[in-house]
Amino acid sequence: MTAPVPSFSDLGLLPELLQAVAEKGYTEPSPIQAQAIPVILQGLDVMGGAQTGTGKTAGFTLPLLQRLAPHANTSASPARHPVRALILTPTRELAAQVEESVRGYGKHLGLRPAVVFGGVDIVPQIQALRAGVEILVATPGRLLDHVQQKTVMLGQVEILVLDEADRMLDMGFMPDIRRILALLPAKRQNLLFSATLSEEIKRLADNLLHQPVLIEVARRNAMTELVSHEVHPVRRERKRDLLAHLVRTQNLTQVLVFGGTRLGVNRLAYQLQRDGVHAAAIHGDKSQVERMQALADFKSGKTPVLVATDVAARGLDIQELPAVINFELPGAPEDYVHRIGRTGRAGSTGRAISLVCADEHEKLAAIEKFIKQRIPQIIIPGFEPDASGVSALMHTERDRPDRRPERGSSLTRGGARSHAGKAPAKPADAIFSAPYVPSSAVPAAAEPARTGSQKPGRQLAALLGGVRKSG
Ligand code: AMP
């Protein structure tokens with residue numbers, strides 16, 4: 001028997017928080033919220049296996065606010081507003097988003113939040129800290145700058161949150177985190193959230209958490225039927241034109257495009273602009289102000305295409321996208337999963353589109369193996385890969401005359417079929433081992449061919465069980 005889904009009020013939250021939640025329009029708690037909120041309210045440590053998009057921010061923010069609510073006061077004295085909760089995040093964008101959430105969920109409580117991160121003027125941060133702050137969201141480096149300048153005291157922290165801990169380790173923040181931990185009172189509540197639970201994370205958890213409650217929730221949609229995958233075989237030099245074509249013809253009004261290098265990302269955004277497609281680039285060399293502006297324009301719909309590196313895209317609260325496009329396939333298959341975790345909206349399908357040229361077939365094979373799915377290959381008329389491209393992607397079909405396309409036909413050999421959805425070619429044995437799904441069943445995006453082993457639970461276990469980290 002499955003337990004009924006609790007409502008927010010069943011979770012024992014204060015009326016002020018229930019009001020804020022209702023104002024946000026949330027009707028019921030997400031799984032991580034339903035599990036984490038009661039545990040955190042009890043003051044227990046939590047090890048949370050959850051990624052962005054699961055509602056984890058509210059999952060820790062709501063009970064954190066409730067635990068601090070008795071300290072809310074209107075005194076003008078900074079001494080009456082010491083830092084009682086510290087939330088550490090790996091990226092500036094995530095820090096800004098988390099603080100926004102704290103501010104939103106806590107707006108009827110009277111506690112003071114603030115955020116500090118690098119890349120922006122430190123003076124306004126100092127002023128905010130001097131005035132007194134109960135909930136501080138910070139990236140580790142800038143927080144240590146403040147510690148050094150004695151503009152923040154952490155001796156009264158009651159609750160510590162490490163958000164996206166795996167990324168903090170990936171990004172080399174461990175030494176900084178150790179220094180910060182040494183400044184906190186030993187007796188405190190610790191909450192650690194991580195998308196993956198690797199050995200390294202478990203070691204960190206062992207050192208940091210006291211008899212933690214383990215809460216794991218499945219990725220919201222990364223590997224479920226909410227995301228359809230499609231590969232467009234294409235010549236490398238035609239990728240950019242194909243990207244512009246897809247954006248124009250397939251009504252892609254908000255699409256995150258993953259490029260490879262910072263330089264490549266810049267160039268691609270520039271060239272798209274030149275081709276009349278509104279695009280912006282986001283990567284580590286951009287200033288904080290530029291990155292935030294690009295993100296704001298993307299979210300508001302002003303810029304329909306945001307081209308990003310993997311690192312820059314991390315932690316952005318832009319996961320409910322109709323589509324992501326892999327302009328370059330990622331080097332590590334698990335990065336494909338991270339990337340596509342941003343697509344899919346509640347109840348509707350997201351698209352994970354990959355533009356794949358001949359020399360990327362090994363990466364594609366590794367991705368298909370990792371996600372345990374064959375990805376349908378769809379050739380867009382006018383952007384056909386050259387013969388070597390087709391044969392590299394569909395190498396097993398190379399010498400089979402019965403599978404060769406007719407000249408001028410929109411069909412190609414192997415499992416590829418035209419986007420026009422005419423009579424499908426037979427699937428290539430090696431490329432398509434799963435049943436063929438007619439394009440008429442899914443007009444906008446090809447449905448992934450499923451294999452029997454594609455259980456989300458197993459996928460999660462595979463992901464949580466020691467995935468290689470992406471840098
Ligand atoms: P997070 O995983 O914390 O980054 O949250 C992902 C998105 O889900 C955010 O845009 C939240 O505003 C939204 N969200 C969080 N909790 C809920 C909920 N219970 N119902 C609907 N949306 C939610």
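We count ligands from 1, going down the list as the structure has it; atoms in each ligand are counted the same way.
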- Query: For ligand 1, is any non-hydrogen atom under 4.0 Å from Phe8's backbone (N, CA, C, O), its side chain (CB onward), both, or neither?
  - Reply: side chain
- Message: Is it the case that the side chain of Asp45 and the backbone of Asn190 share a donor-acceptor pair, with hydrogens and angles ignored and the cut-off at 3.5 Å?
- Response: yes
- Item | Close-contact set for ligand 1 against Gly55 heavy atoms, below 4.0 Å | 1 (P), 2 (O), 3 (O), 5 (O), 15 (C)
- Task: Please determine if Tyr105 has a nitrogen or oxygen closer than 3.5 Å to a nitrogen or oxygen of ligand 1.
- Result: no
- Task: Give the numbers and elements of all ligand 1 atoms closer than 4.0 Å to a heavy atom of Ser30.
- Result: 19 (N)
- Query: Is the closest heavy atom of Gln97 to ligand 1 under 4.0 Å?
  - Reply: no
- Passing candidate, side-chain contact (heavy atoms from CB on, under 4.5 Å) with Leu268, options Val307, Val305, Leu263: Val307
- Do ligand 1 and Lys24 have nitrogen or oxygen atoms that lie under 3.5 Å from each other? no
- Message: So if I count the atoms of ligand 1 from 1 in the order they appear, which ones are less than 4.0 Å from some heavy atom of Glu28?
- Response: 18 (C), 19 (N), 20 (N)
- Query: Sub-3.5 Å donor-acceptor pair from the side chain of Lys239 to the main-chain atoms of Leu355, do we have one?
  - Reply: yes
- Message: Checking the N or O distance criterion of under 3.5 Å, is ligand 1 in contact with Thr27?
- Response: no
- Which atoms of ligand 1 are found less than 4.0 Å from any heavy atom of Lys56? 1 (P), 2 (O), 3 (O)
- Query: Can Arg103 and Glu99 be counted as an ion pair, charged N to O under 4.0 angstrom?
  - Reply: yes
- Message: Quick check against the 3.5 Å criterion: does Glu360 have a side-chain atom that pairs as donor or acceptor with the backbone of Leu329?
- Response: yes
- Which class fits the ring pair His229 and Tyr336: parallel under 30°, tilted 30 to 60°, perpendicular over 60°? parallel
- Message: Within a 6.0 Å radius of atom NE2 on His245, are there more than 12 heavy atoms belonging to other residues, nucleotides or ligands?
- Response: yes
- Query: Can any side-chain N or O of Gln125 pair as donor or acceptor with the backbone N or O of Phe117 at less than 3.5 Å?
  - Reply: yes
- Could you list the atoms of ligand 1 found under 4.0 angstrom from a heavy atom of Thr54? 2 (O)
- Atoms in ligand 1 with a heavy atom of Thr57 nearer than 4.0 Å: 1 (P), 3 (O), 4 (O)
